[in-house]
Amino acid sequence: MIVILKKNPNPEQVQGFISWLEGKGISVHKSIGVNETVFGLVGDTASLDIGLIAALDIVEDVKRIVEPYKDANRKFHPEDTVIPVGNTQIGGGTLTIMAGPCSVESEEQLVGIAKAVKASGATMLRGGAFKPRTSPYSFQGLGEVGIQYLVTAKQETGLPIVTELMEISQIPLFKDVDVIQIGARNMQNFDLLKAVGRLDKPILLKRGMSATYEELLMSAEYIMSQGNHNVILCERGIRTFETYTRNTLDLTCVPVLRKLTHLPIIIDPSHATGRYFLVPPMALAAVASGADGLEIEVHQDPQHAWSDGGQSLRPDKFDKLAGMLMTMHQFVQTQPIREWE
Ligand code: PEP
Ligand code: MN
């Protein structure tokens, strides 16, 4: 962190500032010029409140030169993180395809979709049992029974399961869940992040609809700082001025996050677009941009789906898309797309 002092700062305040920093284990490298005095702060500056320093009488400006996230930072962990899940893995050159309904509706519905998406090449089954709905009058999810159906579908197909956790008290119900999803609306539910940080399960962390990359990575840091380093990032569309689509898919996140972090990156084109016909082109673009995988909503009968039918693919369309995604992935694997920098 670099701190630029105002001209002719009060020497007592400067000394007080230095002592305060040293008390926090930070060493201060001083560069005293005729017009400007610059302090280079060395040590664990992640815990320093940049706003507090900027507000000091003697301070002209302050800049971070190292990002405030450490565990998620590629600078301190150059190798890509690869996360084993069941007999598959996320990251490390594989293509993860999580597919399934928005909501778990019945055992028959879920097992039927699970078998279909598995046959098409999906590597994991998604399905919401606890649903974060905008309206309290919309279907809220089957809850615990929904988790039981997911476990049944896993037993019948061998597909690992990913499903959303909405609050800490639900954690005991998730013991047979392979990947816990933290939804966009809970990306900054810090107590929930800390709680899943103490679990021994991979966490799929969805980007909040108005969260910056740094905020997403700070949320990943919350989980990792508690000991759980198996975090997967998921872009699911952000809020912009555009109203045609449900959200705006920010695919730029793939190369940006790739540079900033070693964590795997998954794209959810279903929630990002909100319209089924936009899902295949965006899914293909995601793989072309180097994403590690996708989360896609699939339903046998989208018109009668209990949630998000308009953005769900029928199994036959998903089957066609999955084949194209695998071809695109093979192509990307042979291309040096990470060498543009
Ligand atoms: C979901 O995946 O079911 C979901 C609710 O997603 P998001 O948190 O991205 O809205
Ligand atoms: Mn949904």
Side-chain angles (χ1 to χ4, degrees), residues 96-105 109-110 113-114 117 122 124-136 138-143 146-147 149-150 153 160-167 170 174 177-189 192-193 196 202-211 215-216 219-220 223 231-240 245-251 253 265-276 278-279 282-283 286 291 293-314 318:
T96 295
I97 306 181
M98 302 169 171
C102 176
S103 296
V104 176
E105 297 170 13
Q109 170 242 18
L110 189 67
I113 297 178
V117 298
M124 293 187 63
L125 174 66
R126 71 143 281 144
F130 295 97
K131 296 300 304 174
R133 304 304 301 281
T134 303
S135 166
S138 303
F139 174 57
Q140 303 287 303
L142 291 182
I147 304 267
Y149 295 159
L150 281 158
I161 50 180
V162 53
T163 191
E164 178 164 350
L165 173 77
M166 283 178 57
E167 55 163 284
Q170 294 162 352
F174 282 61
V177 169
D178 298 282
V179 174
I180 294 180
Q181 177 168 314
I182 299 295
R185 292 157 189 81
N186 270 320
M187 190 204 84
Q188 287 189 318
N189 181 338
L192 186 62
L193 298 179
V196 297
I203 308 299
L204 179 69
L205 176 65
K206 297 191 100 175
R207 180 182 182 184
M209 53 193 90
S210 58
E215 286 164 343
L216 172 63
S219 291
I223 301 170
V231 178
I232 305 135
L233 304 174
C234 179
E235 155 66 23
R236 44 75 75 207
I238 52 172
R239 276 280 164 85
T240 68
T245 48
R246 181 174 180 180
N247 292 291
T248 296
L249 176 59
D250 175 21
L251 268 190
C253 79
I265 305 156
I266 296 284
I267 301 294
D268 170 352
S270 308
H271 292 89
T273 63
R275 290 171 174 240
Y276 74 93
L278 296 174
V279 171
M282 293 301 99
L294 297 151
E295 187 177 37
I296 298 176
E297 287 184 341
V298 179
H299 198 281
Q300 299 102 324
D301 183 8
Q303 280 192 343
H304 296 104
W306 294 4
S307 59
D308 287 350
Q311 64 192 36
S312 300
L313 294 183
R314 287 182 199 280
F318 174 74

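Both ligands and their constituent atoms are indexed starting at 1 by order of listing.
Around atom 6 (O) of ligand 1, the closest heavy atom drawn from Met209, Glu164, Lys206 belongs to Lys206. Residue Ala184 holds the heavy atom nearest to atom 8 (O) of ligand 1 of all those in Ala184, Gly237, Ser307, Ala272.
Residue contact annotation: Arg207 has no non-hydrogen atom under 4.0 Å from ligand 1. Put simply, part of Lys131 is less than 4.0 Å from ligand 1, judged by heavy atoms.
A salt bridge is absent between Glu164 and Lys206: the closest approach of a Lys/Arg side-chain nitrogen to an acidic carboxylate oxygen does not fall below 4.0 angstrom. Between Arg207 and Glu215 there is no salt bridge, since no side-chain N of the basic residue sits under 4.0 Å from a carboxylate O of the acidic one.
Among protein heavy atoms, atom 9 (O) of ligand 1 sits closest to Arg236 NE, 2.6 Å. Nearest to atom 4 (C) of ligand 1 among the protein's heavy atoms is His271 NE2, 3.5 Å.
A distance of 9.5 Å separates CG of Leu142 from CG of Leu110, quoted to the nearest 0.5 Å. One distance of note links CD1 of Ile223 with CD1 of Ile182; it measures 6.5 Å at 0.5 Å rounding.
The atom of Asp308 nearest to the Mn ion (ligand 2) is OD2, with the search restricted to N, O or S atoms. Closest approach between the Mn ion (ligand 2) and any N/O/S atom of Glu297 involves OE2.
Within 6.0 Å of the CZ atom in Arg239, the count of heavy atoms belonging to other residues, nucleotides or ligands does not exceed 12.
An N or O contact shorter than 3.5 Å is missing between Asp268 and ligand 1 by distance.
Neither side chain, Asp308 nor His299, offers a donor N or O lying under 3.5 Å from an acceptor on the other.
Between Leu313 and Phe318, the shortest heavy-atom contact is CD1-CA, 4.1 Å.
Here is the list of ligand 1 atoms found below 4.0 Å of a heavy atom in Gly183: 8 (O).
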